[in-house]
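Below is one structure; the comments refer to it alone.
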Amino acid sequence: QKEVEQNSGPLSVPEGAIASLNCTYSDRGSQSFFWYRQYSGKSPELIMFIYSNGDKEDGRFTAQLNKASQYVSLLIRDSQPSDSATYLCAVNPPNQGGKLIFGQGTELSVKP
Amino acid sequence: GAGVSQTPSNKVTEKGKYVELRCDPISGHTALYWYRQSLGQGPEFLIYFQGTGAADDSGLPNDRFFAVRPEGSVSTLKIQRTERGDSAVYLCASSPGIAADTQYFGPGTRLTVL
């Protein structure tokens with residue numbers, strides 16, 4: 001079992017729709033969870049991080065965490081073509097400093 | 001202000017050669033991380049430094065890989081006897097401390113081993 005798993009996609013949504021990206025992780029002791037966006041040929045860019053169970057909203061983005069189910073998700077409301085990118089879920093394992101374990105990423109395509 | 005910079009942006013080498021990849025972190029950032037990203041995959045952790053010391057090198061694939069950060073700022077990732085399987089984008093990130101929430105990535109070095 002991979003430490004962090006994501007559906008590779010591609011996920012295709014129409015402009016204006018809600019995009020839902022999902023991630024599961026294996027280390028139950030993990031406390032910190034991150035979503036990065038990566039445009040083709042570019043480096044990852046941090047969108048959000050979440051530490052507590054529940055929802056965390058920032059503009060059009062909402063991160064959701066359920067530690068009991070070892071599940072974290074990212075919702076993008078009012079999706080725009082400029083949101084088309086690969087979204088990487090990352091987990092900070094317990095007691096390992098700032099080390100991040102990434103999933104393989106989900107490719108999102110927003111169609112005009 | 002200036003972000004994380006990496007040089008070179010592209011490196012093509014022949015199998016068996018030695019390469020060095022450089023990372024300049026954001027000024028004042030004490031933690032520095034190296035990751036490797038293969039096509040279609042997420043970044044894979046290699047090593048991280050807190051100051052001058054390697055706090056965790058558990059991700060280095062084998063003893064051909066080595067990294068240094070002698071003055072607690074610039075870091076160099078060194079790969080000996082390169083193999084075709086080493087071809088990837090090597091990403092560097094830095095953060096003010098060891099907290100993962102403020103980790104900023106550089107543009108990466110694309111390494112191609114022929």
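Each chain gets a letter, A, B and so on, in the order its sequence line appears, and its residues count up from 1. Computed from a predicted structure; not experimentally measured.
- Remark: the A:Asp78 side chain and the A:Gln80 side chain contain an N/O donor-acceptor pair separated by less than 3.5 Å.
- Classification of the A:Phe33-A:Tyr25 ring pair by plane angle, with boundaries at 30° and 60°, yields tilted.
- Per-residue counts of heavy-atom pairs under 4.5 Å with chain A were compared for B:Gly108, B:Gly42, B:Ser38, B:Pro43; the largest is that of B:Pro43.
- Between the A:Gln70 side chain and the A:Ser26 main chain, a donor and an acceptor come within less than 3.5 Å of each other.
- No hydrogens or angles considered: nothing links the side chains of B:Tyr48 and B:Gln50 as a donor-acceptor pair under 3.5 Å.
- Contacts classified as side chain to side chain donor-acceptor pair (under 3.5 Å) and involving residues 2-11 of chain B (residues at least two apart or in different chains) are not found.
- Judged by the 6.0 Å distance and 45° axis criteria, A:Lys56 is positioned over the aromatic ring of A:Phe49.
- Only the side chain of B:Gln37 comes within less than 4.5 Å of a heavy atom of chain A; its backbone N, CA, C and O stay farther away.
- Scanning residues 104-112 of chain A against chain B with a 4.5 Å heavy-atom cutoff picks out A:Gln104, ordered by number.
- Partners of A:Phe61 under the ring pair (Phe, Tyr, Trp, His ring centres under 6.0 Å) rule, at least two apart in sequence or in another chain, do not exist in this structure.
- Between B:Gln103 and B:Ser95, the side chains place no donor N or O within less than 3.5 Å of an acceptor N or O (distance only, hydrogens not considered).
- The interface of residues 61-90 of chain B with chain A, defined by heavy-atom distances below 4.5 Å, is empty.
- In the model, A:Ser52 has no side-chain atom that pairs as donor or acceptor with a side-chain atom of A:Lys67 under 3.5 Å.
- You'll find the side chain of A:Leu100 reaches within 4.5 Å of the side chain of B:Tyr35, heavy atoms only.
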